[in-house]
Amino acid sequence: FDTLQPSSQGKNLDSPRSGNHDPSGNLPLRTGDFYITRHSNLSQMHVVFHLVVDDSTRNAQLSARQPVLVGLRNILHTAAQHNTFNICVPLLLAHEMTEEMTLQWCMKRAELVFKCVKGFMMENSSWSGPETRTIQFLLPPGLSMEVFSHFTAMLPNVFRLANPLDLR
């Protein structure tokens with residue numbers, strides 16, 4: 001695998017942050033930071049982007065400017081820069097369902113993540129091109145069919161395409 005160089009969008013793990021440098025050379029990770037691991041023993045998965053989150057991601061009032069969503073955008077940017085053509089994103093930014101994840105909470109979170117991904121795709125010129133890129137949205141186990149059907153109904157509304165106009 002080629003070495004991924006630190007970018008101005010991601011965290012440069014070679015240079016210490018001011019005031020947070022650990023004498024051992026390790027940098028403390030904060031919410032929104034991410035790191036990348038390479039794998040040769042996982043089926044159809046070669047690179048994993050690990051997004052650092054904290055308990056604030058459980059908050060229903062998560063906004064597009066919060067570090068966890070900025071980190072998601074930085075992951076998408078890094079993946080596009082390095083020709084990663086398939087990426088999986090946990091739609092609720094969680095790997096398991098908890099009590100506070102009501103239907104309303106799930107709908108707000110899914111819409112926010114969908115719109116964050118769409119915004120990145122529209123803004124980033126490296127996303128477009130002759131290559132096909134795939135984003136798979138992963139759902140936690142135990143999600144009800146009702147919530148799943150709400151997500152599938154929301155998807156075409158968020159990723160709406162304009163129909164071409166024929167001026168004959």
Side-chain angles (χ1 to χ4, degrees), residues 4 7 9-10 31-39 41-167:
L4 296 176
S7 72
Q9 299 290 49
T31 300
D33 289 350
F34 69 93
Y35 58 95
I36 302 167
T37 57
R38 295 182 288 177
H39 301 271
N41 61 344
L42 298 177
S43 175
Q44 300 180 9
M45 187 179 313
H46 304 288
V47 181
V48 177
F49 294 86
H50 303 270
L51 179 62
V52 178
V53 299
D54 61 10
D55 287 339
S56 69
T57 58
R58 294 182 181 194
N59 185 355
Q61 301 301 323
L62 197 62
S63 74
R65 301 211 185 276
Q66 293 211 260
V68 68
L69 288 172
V70 172
L72 175 59
R73 290 176 68 89
N74 289 339
I75 286 173
L76 293 172
H77 178 76
T78 302
Q81 274 186 321
H82 296 283
N83 296 324
T84 303
F85 296 108
N86 301 306
I87 191 163
C88 298
V89 175
L91 182 59
L92 301 178
L93 302 177
H95 294 289
E96 57 188 21
M97 295 295 292
T98 60
E99 289 180 16
E100 67 265 1
M101 293 179 177
T102 63
L103 174 62
Q104 182 180 0
W105 185 96
C106 291
M107 294 301 292
K108 282 184 179 180
R109 177 59 54 88
E111 182 178 20
L112 183 63
V113 172
F114 281 152
K115 288 182 176 179
C116 176
V117 170
K118 179 184 177 183
F120 168 79
M121 289 169 39
M122 292 174 66
E123 292 170 7
N124 195 324
S125 62
S126 65
W127 188 262
S128 61
E131 301 89 10
T132 301
R133 297 181 190 261
T134 304
I135 296 180
Q136 296 176 341
F137 293 103
L138 304 177
L139 299 173
L143 191 75
S144 72
M145 282 305 293
E146 176 189 11
V147 177
F148 178 77
S149 63
H150 283 286
F151 291 159
T152 58
M154 182 189 304
L155 194 60
N157 292 327
V158 174
F159 289 93
R160 182 177 28 233
L161 294 176
N163 292 330
L165 183 60
D166 188 4
L167 298 174

TODO: Show the numbers, then the answer: is there a side-chain contact (heavy atoms from CB on, under 4.5 Å) between Met121 and Ile135?
DONE: CA-CA 11 Å; Met121 289 169 39; Ile135 296 180; 4.0 Å; yes
Open item on the list: So which atom in Leu143 and which in Leu92 form the shortest heavy-atom distance, rounded to 0.1 Å?
Closed with: CD1-CD1, 4.4 Å
Task: Between CD1 on residue Ile75 and NE2 on residue His50, distance to nearest 0.5 Å - done: 9.5 Å
Task: Closest contact, heavy atoms only, Ala64 versus Leu112 - done: N-CD1, 3.9 Å
Task: Atom pair OG1/CD of Thr134 and Gln136 - distance to nearest 0.5 Å - done: 7.0 Å
Open item on the list: Working to the nearest 0.5 angstrom, can you tell me the gap between Gln66 CD and Leu72 CG?
Closed with: 13.0 Å
- [ ] Apply side-chain contact (heavy atoms from CB on, under 4.5 Å) to Leu93 and Leu69, showing your working.
- [x] CA-CA 9 Å; Leu93 302 177; Leu69 288 172; 3.9 Å; yes
TODO: Enter the distance from Arg109:CZ to Leu62:CG here, rounded to the nearest 0.5 Å.
DONE: 4.5 Å
Open item on the list: Restricting to side-chain contact (heavy atoms from CB on, under 4.5 Å), what partner residues turn up for Asn83, sequence neighbours left out?
Closed with: Phe85, Arg133
Open item on the list: To the closest 0.5 Å, what do you measure between CD (Gln81) and CG (Leu76)?
Closed with: 12.0 Å
Task: Ring centres under 6.0 angstrom apart (Phe137, Phe114) - done: yes
TODO: Heavy atoms only: give me the nearest Ala110-Phe151 pair and the separation to one decimal.
DONE: CB-CE2, 3.3 Å
Task: Pairs involving residues 110-119, ordered by first then second residue, that meet side-chain hydrogen bond (donor to acceptor under 3.5 Å, both in side chains) (sequence neighbours left out) - done: Glu111-Lys115
Open item on the list: Could you report the tightest heavy-atom contact between Phe34 and Asn74, atom names first, then the distance?
Closed with: CE2-CB, 3.7 Å
TODO: Compare every heavy atom of Met97 with every heavy atom of Pro140, then report the nearest pair and how far apart it is.
DONE: CG-SD, 3.5 Å
Task: Heavy-atom pair with the smallest gap, counting every atom of Thr57 and Val53 - done: CG2-CB, 3.6 Å
Open item on the list: Counting only heavy atoms not in Glu100 (residues, nucleotides, ligands), do more than 12 fall under 6.0 Å from its CD?
Closed with: yes
Open item on the list: Whether the Gln104 and Thr102 side chains hold a donor-acceptor pair (N or O, under 3.5 Å, no angle test) is what I'd like checked.
Closed with: no
- [ ] State the CD1-OG1 distance between Ile36 and Thr84, to the nearest 0.5 angstrom.
- [x] 8.0 Å
